[in-house]
Amino acid sequence: MKAISSPSLVASFPILFLCLSSILSVTASVQRHAKFDFDFARECYKEPLPAVTPSADNRTVPWSTPGIVVNTNGTNTTCCSSLDEVRAGIDDVDTKLLALLSQRYAFLNLGYSTKWVVKLGPSHHDRAAYVREATRFKATRDVVDVPARDQQVIDDAVASASDPQINLPETIARAVFTAIINSSVPFERCVVSLHPILTMLVAACRAHCVLSSLLQFDLFDDSDSSASGH
């Protein structure tokens with residue numbers, strides 16, 4: 001067996017040190033991730049999204065492990081075992097989202113009543129959907145949109161997305177609430193424009209313009225009738 005000279009042994013110390021440091025770093029990382037239930041996709045929940053190299057992997061599906069725990073009558077089960085089960089869960093959530101959005105916009109017309117109600121939970125409450133209700137406090141179309149308020153709603157949604165009780169990707173929160181705001185403004189303007197009082201005012205203005213035009217051309221001149229004795 002060939003003996004290792006002292007100079008060679010000393011020269012190998014930096015390499016050994018780097019190897020040992022790498023092993024310790026990996027070990028600590030694994031322990032840390034295990035301790036805090038590390039989610040490899042955690043960075044995808046922040047803005048901006050990390051720069052990543054497109055994966056060319058052809059993986060055997062399903063890869064990784066089920067990531068959803070459902071508590072049913074005190075019993076925890078995991079989801080999901082198939083893509084169909086995933087889509088069924090998404091459809092259920094989307095139905096609940098639509099119900100929540102109805103509190104923002106929708107209404108039920110009770111015959112000819114001037115009251116509009118929204119289904120909140122198991123019962124009906126005599127109140128208008130909030131976005132529609134907001135138009136009552138806006139005198140004209142010009143004041144419907146308040147950009148500062150729009151931005152506040154979007155920023156608050158993004159800030160709340162990182163709440164541990166919510167855990168929503170910030171990019172999705174921003175995109176969804178931006179779309180909500182962008183669709184709310186024309187909706188409000190439509191409601192303001194179609195309000196009966198405003199409609200009657202517009203009709204009155206048009207009638208006044210027509211009447212003024214008729215008077216201008218003396219279409220109501222009754223001088224001939226007076227001259228003939230009628």
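Here the structure is a predicted model, which is why all the values come from computation and not from measurement. Throughout, residue positions are numbered sequentially from 1 according to the sequence presented.
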Problem set entry | Considering all heavy atoms, the nearest P169-C44 contact | CB-O, 4.1 Å
Exercise. Charged N to carboxylate O under 4.0 angstrom, E133 versus R136?
Worked result: yes
Exercise. When you measure from the side chain of S162 to the backbone N and O of A159, does any donor-acceptor pair fall under 3.5 Å?
Worked result: yes
Exercise. Applying the 4.5 Å side-chain criterion to the ILVMFWY set and letting contacts propagate, would V69 and V86 be lumped into a single cluster?
Worked result: no
Exercise. Taking C-beta and beyond as the side chain, do Q103 and L100 meet within less than 4.5 Å on heavy atoms?
Worked result: yes
Problem set entry | Check: D155 and R174 side chains under 4.5 Å, non-hydrogen atoms | yes
Exercise. Can we say D92 and K96 salt-bridge, meaning some charged N sits less than 4.0 Å from an Asp/Glu carboxylate O?
Worked result: yes
Seminar exercise, completed: Looking only at heavy atoms, the pair that brings I172 and L168 closest together is CG2-CD1, 4.2 Å
For this session: Enter the distance from R149:CZ to I181:CD1 here, rounded to the nearest 0.5 Å.
Result: 7.0 Å
Problem set entry | Interatomic distance, R141 atom CZ to C190 atom SG [nearest 0.5 angstrom] | 8.5 Å
Problem set entry | Same apolar cluster (I L V M F W Y, side chains within < 4.5 Å links), V176/L97 | no
Problem set entry | Co-membership, hydrophobic cluster, residues V131 and V185, 4.5 Å side-chain | no
For this session: Measure the shortest side-chain to side-chain distance between D94 and L98 over non-hydrogen atoms and say whether it is less than 4.5 angstrom.
Result: no
For this session: Could you grab the distance from atom CD of E188 to atom OG of S183, nearest 0.5 Å is fine?
Result: 10.0 Å
Exercise. Should I90 and L83 be counted in the same cluster of Ile, Leu, Val, Met, Phe, Trp and Tyr side chains packed under 4.5 Å apart?
Worked result: yes
For this session: For E85 and C80, indicate whether the former's side chain and the latter's backbone hold a donor-acceptor pair under 3.5 Å.
Result: no
Exercise. Mind checking whether L101 and F187 sit in one hydrophobic cluster, side chains of I, L, V, M, F, W, Y counted as touching below 4.5 Å?
Worked result: yes
Exercise. Is the closest side-chain heavy-atom distance between R104 and I180 below 4.5 Å?
Worked result: yes
For this session: State whether the side chain of D57 and the backbone N or O of R59 hold a donor-acceptor pair below 3.5 Å, judged by distance alone.
Result: no
Problem set entry | Nearest heavy atoms of E43 and P50, plus distance in Å | O-CD, 3.5 Å
Exercise. Among V191, T135, V192, which residue meets the side-chain contact (heavy atoms from CB on, under 4.5 Å) test with V144?
Worked result: V192
For this session: Using modelled atom types only, decide if a donor and an acceptor are shared between the side chain of T178 and the backbone of A175 within a distance under 3.5 Å.
Result: no
Seminar exercise, completed: Closest non-hydrogen atoms of T78 and P66, given as atom of the first, atom of the second and distance, are CB-CB, 3.9 Å
For this session: Heavy atoms only: give me the nearest A157-A173 pair and the separation to one decimal.
Result: O-CB, 3.9 Å
